[in-house]
There are 2 protein chains.
Amino acid sequence: MSKSDSTIRDIARTLGISKSTVSRALNNHYDVSQETARKVKELALKMDYQPNVLARQLKLQRTNTLGVIIPETINRFFAKAVGGIQEVANSAGYNVMICQSNETLTLEQNNLQTLMSSKVDGLLVSVSRQTDRSDHFQYAINKDIPLVFFDRILEELAVPQVYSDNFDISFQGTEHLIQQGCKRIAFVAGPLHLFNSRNRLNGYLEALKANNIPVLESLIVQANYQAGHVQQYTRHLFDAGEAPDGIFAINDISALEMMHILKMRGLQIPRDVAVLGFNNEVICDFVEPTLSSIEHPAFDMGVAATRILLKQISSKEITQQKELIKSRLVIRESSRRY
Amino acid sequence: MSKSDSTIRDIARTLGISKSTVSRALNNHYDVSQETARKVKELALKMDYQPNVLARQLKLQRTNTLGVIIPETINRFFAKAVGGIQEVANSAGYNVMICQSNETLTLEQNNLQTLMSSKVDGLLVSVSRQTDRSDHFQYAINKDIPLVFFDRILEELAVPQVYSDNFDISFQGTEHLIQQGCKRIAFVAGPLHLFNSRNRLNGYLEALKANNIPVLESLIVQANYQAGHVQQYTRHLFDAGEAPDGIFAINDISALEMMHILKMRGLQIPRDVAVLGFNNEVICDFVEPTLSSIEHPAFDMGVAATRILLKQISSKEITQQKELIKSRLVIRESSRRY
DNA sequence: ATCTGTCCCGGGAACGGTACCGAAATTTTT
DNA sequence: AAAAATTTCGGTACCGTTCCCGGGACAGAT
């Protein structure tokens, strides 16, 4: 825009050749002599020629842009995943357009709409907490837009999915607490229509079963992510009947908030209650006691999902590749008793 | 793309009218009868017509997209700011394209290049930690691309800037520590070629001066953000000569890491050392002692910057509006002695 | 009956590229 | 020397819009 960006035609005119030749020269096409190619490139540089991406996009029906829909950038997991996405995308010559659903279905649908009308070449999606249907994504699939889910996946859709082993790691984390002598382990569950939440809960349940520990409904709470809710269910867990001696929390911040409350009540961690968080935030190392947590390979999941998407875009073949990225249990003081 | 997206021409053909009429009808232009307008819209709906944004962009030389360059999404401040940007942009019908400089100058330059070639209608920028020059931005300005800086600004450029009162809040924070009886306040400074870092340091220095407290070079350290560095300068501060009795840290995580180290050494906070952080992360409320911090109005800055940018885009007039957003001191246990 | 004005509409030129097709120029082969 | 092959280039259509310009129809005014 501005004053007068030089175009391919300007170059052609001043050089006395046709614009097709200029185009070929600039795209290193074979059908052009080295001599003219040199002259064209030289002049292009001198005129500060910048190809008009919009024109190219219109002609090629391709934008070299990937659309990303995530719940929130403020969520460190997704922020990291976006890092991985951008790294892979950029080094492959793609731009990235990020939309946030703010954990709502309607915004997610809007985002999808705008990204599709922006003609992105492919989509990377982690669904919102509210999402309990998939027709909007099916619409995109019907339009042949390559689509890959990561982390918050929709297993019913026939597209590639990248996820972490929520069941295994949850099983493993629960067993770790059991090994530390916990008999009554409280579990903070997420929305159960989400694949991840279900798997985590199942991992917990199976671990209890495998170790002959009775499942107590009263020890399982549902996080609703509202302010004050952690306080509420913590009180519920520790005031009604026999208190838990272990906590598997849905994320580190909640875990720390619970720990804070328990310490105020005079409980010792991990002696009275062992605590295990989720996400392995930096802060885990700087609290007392240091917080055991689960390292979620966010960046790697972004990388993996983007790689699959790019392959999908270039090969045009439909895959349903599932890729599982392993999580890691990081044991620190808050859960170590021996 | 895909099978066969219907175009404006398809509608025209099946309706037996010209595509100009269809275009007018869809854009609610006046030069079209209500009857045909109705028919066109009806058919458009039935054919699931989606306007081809690329064609429109090319024709109008406008993308309805804002470009954003920030250091890192992983940084909560910028993640929040992005939230504010997207909110304002989306409700004004604009998309947002986010690029991360990863705190490097070269990536920042690349980002600018790609955003410009993507023909974004305007730019929102928070410069990287490395950025000590401004010619690349001057290039964009010369091309008449509306540009607004926020938080990490470049004061030498004649464009709108949105920033917070780093000097004032730093002065205020330092004075707070002084009022709590601190005589030897350590200060962790950022890179001094950054406007914000300089202002913060100056606020600290001026507060000391205003309270007749000698400035000690040995109490001022430069954070370089490398792993292990906090440990290093904490040791330096507390092992060489007389120890500080107050700390003004560059961010909450560093503050918490310092507190952790000091507690390990048997120091009491705030009794022996009062601590003040920066950013007011959620975690501040869940540590012991709870951490005093400075609330940085990230979201609001994003909102303000975007509003100015949009005004700039639509009015085409060049302003140099400066907008100052006030920060807030949040006093908690870590700095309260009385 | 002609003129003026309003209301609709169509034709076509852009926007700035890419790509196909054919042709001229040059070289190689027969 | 003629034919064939190859290299290099120009012409042009096209991507799907928007928008300017001009023209036809029809009304009311003269």
Side-chain angles (χ1 to χ4, degrees), chain A residues 1-41 43-44 47-65 93 116-121 143, chain B residues 1-41 43-44 47-65 93 116-121 143:
Chain A
M1 212 140 317
S2 80
K3 330 285 181 191
S4 61
D5 277 349
S6 55
T7 78
I8 213 174
R9 165 142 68 226
D10 298 331
I11 298 182
R13 215 166 10 217
T14 59
L15 238 47
I17 58 178
S18 81
K19 61 191 180 112
S20 6
T21 307
V22 177
S23 170
R24 276 185 297 240
L26 292 174
N27 292 329
N28 296 317
H29 222 284
Y30 56 97
D31 251 12
V32 60
S33 73
Q34 301 218 343
E35 174 63 12
T36 46
R38 194 188 52 74
K39 281 199 290 188
V40 167
K41 286 178 184 173
L43 185 61
M47 294 175 70
D48 191 28
Y49 166 77
Q50 306 284 109
N52 187 316
V53 184
L54 302 180
R56 199 208 311 261
Q57 288 176 351
L58 173 61
K59 175 61 189 175
L60 301 181
Q61 297 294 328
R62 180 163 35 86
T63 54
N64 271 285
T65 300
M116 283 181 65
S117 81
S118 295
K119 300 279 178 188
V120 293
D121 295 340
K143 289 252 177 192
Chain B
M1 212 138 315
S2 81
K3 332 283 181 193
S4 61
D5 278 350
S6 54
T7 79
I8 214 175
R9 165 141 69 225
D10 298 331
I11 299 182
R13 215 167 11 216
T14 59
L15 238 47
I17 58 179
S18 82
K19 61 197 176 98
S20 353
T21 307
V22 178
S23 171
R24 276 186 297 244
L26 292 174
N27 293 329
N28 295 317
H29 221 285
Y30 54 97
D31 253 11
V32 61
S33 73
Q34 302 220 340
E35 174 62 11
T36 45
R38 193 189 52 74
K39 280 199 291 188
V40 167
K41 286 178 184 173
L43 185 60
M47 293 174 72
D48 190 30
Y49 166 77
Q50 305 285 109
N52 186 316
V53 184
L54 302 181
R56 200 209 310 262
Q57 288 177 351
L58 172 61
K59 177 63 190 174
L60 301 181
Q61 296 294 327
R62 182 164 32 89
T63 55
N64 272 284
T65 301
M116 283 180 65
S117 81
S118 295
K119 300 281 179 187
V120 293
D121 295 340
K143 289 255 179 189

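Predicted, not measured: the structure shown is a model, and the values here were computed from it. A, B, ... follow the sequence lines: proteins, then strands. Residue 1 opens every chain.
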Which whole-number value in Å describes the distance from B/N64 CG to D/dT17 P?
16 Å
Taking CZ from A/R62 and C1' from D/dG16, how many angstroms apart are they, rounded to a whole number?
17 Å
Can you list everything that forms a side-chain hydrogen bond (donor to acceptor under 3.5 Å, both in side chains) with [X]? Sequence neighbours excluded, please.
{"X": "B/T36", "value": "B/S33"}
{"X": "A/S23", "value": "none"}
{"X": "A/R13", "value": "A/D10"}

Distance in Å, A/D121 CG paired with A/Q57 CD, rounded so as to fall on 0.5 Å steps
8.5 Å
Does the pair B/V40 and B/R24 meet the rule for a side chain to side chain contact (heavy atoms under 4.5 Å, CB included), with working shown?
CA-CA 10 Å; B/V40 167; B/R24 276 186 297 244; over 6 Å; no
A/S117: what forms a side chain to side chain contact (heavy atoms under 4.5 Å, CB included) with it, not counting sequence neighbours?
B/V53
Rounded (10°) bend between the five-pair end axes of the helix from C/dA1-D/dT30 to C/dT30-D/dA1:
60°
Shorter than 3.5 Å, N or O on both sides, protein versus nucleotides 8-18 of chain C: list them out with atom names.
{"unit_1": "C/dC9", "atom_1": "OP2", "unit_2": "B/S33", "atom_2": "N", "d": "2.9"}
{"unit_1": "C/dC9", "atom_1": "OP2", "unit_2": "B/S33", "atom_2": "OG", "d": "3.4"}
{"unit_1": "C/dC9", "atom_1": "OP2", "unit_2": "B/T36", "atom_2": "OG1", "d": "2.8"}
{"unit_1": "C/dC9", "atom_1": "N4", "unit_2": "B/D31", "atom_2": "OD2", "d": "2.9"}
{"unit_1": "C/dG10", "atom_1": "OP1", "unit_2": "B/S18", "atom_2": "N", "d": "3.2"}
{"unit_1": "C/dG10", "atom_1": "OP2", "unit_2": "B/S18", "atom_2": "N", "d": "2.7"}
{"unit_1": "C/dG10", "atom_1": "OP2", "unit_2": "B/S18", "atom_2": "OG", "d": "2.9"}
{"unit_1": "C/dG10", "atom_1": "OP2", "unit_2": "B/T21", "atom_2": "OG1", "d": "2.4"}
{"unit_1": "C/dG10", "atom_1": "N7", "unit_2": "B/R24", "atom_2": "NH2", "d": "3.0"}
{"unit_1": "C/dG10", "atom_1": "O6", "unit_2": "B/R24", "atom_2": "NH1", "d": "2.9"}
{"unit_1": "C/dG11", "atom_1": "N7", "unit_2": "B/S20", "atom_2": "OG", "d": "3.2"}
{"unit_1": "C/dG11", "atom_1": "O6", "unit_2": "B/S20", "atom_2": "OG", "d": "3.2"}
{"unit_1": "C/dA14", "atom_1": "N3", "unit_2": "B/K59", "atom_2": "NZ", "d": "3.1"}
{"unit_1": "C/dC15", "atom_1": "O3'", "unit_2": "B/Q61", "atom_2": "NE2", "d": "3.2"}
{"unit_1": "C/dG16", "atom_1": "N2", "unit_2": "A/A55", "atom_2": "O", "d": "3.4"}
{"unit_1": "C/dG17", "atom_1": "OP1", "unit_2": "A/Y49", "atom_2": "OH", "d": "3.2"}
{"unit_1": "C/dG17", "atom_1": "OP1", "unit_2": "A/N52", "atom_2": "N", "d": "3.3"}
{"unit_1": "C/dG17", "atom_1": "OP2", "unit_2": "A/I8", "atom_2": "N", "d": "2.8"}
{"unit_1": "C/dG17", "atom_1": "O5'", "unit_2": "A/Y49", "atom_2": "OH", "d": "3.0"}
{"unit_1": "C/dG17", "atom_1": "N7", "unit_2": "A/K19", "atom_2": "NZ", "d": "3.1"}
{"unit_1": "C/dG17", "atom_1": "O6", "unit_2": "A/K19", "atom_2": "NZ", "d": "2.8"}
{"unit_1": "C/dT18", "atom_1": "OP1", "unit_2": "A/N27", "atom_2": "ND2", "d": "3.2"}
{"unit_1": "C/dT18", "atom_1": "OP1", "unit_2": "A/R56", "atom_2": "NH1", "d": "3.0"}
{"unit_1": "C/dT18", "atom_1": "OP2", "unit_2": "A/S23", "atom_2": "OG", "d": "2.6"}
{"unit_1": "C/dT18", "atom_1": "OP2", "unit_2": "A/N27", "atom_2": "ND2", "d": "3.4"}
{"unit_1": "C/dT18", "atom_1": "O4", "unit_2": "A/K19", "atom_2": "NZ", "d": "3.4"}

What residue among B/I11, B/L15, B/I17 forms side chain to side chain contact (heavy atoms under 4.5 Å, CB included) with B/K39?
B/L15
Can you find a heavy atom in the side chain of A/K59 that is under 4.5 Å from one in the side chain of A/R56?
no
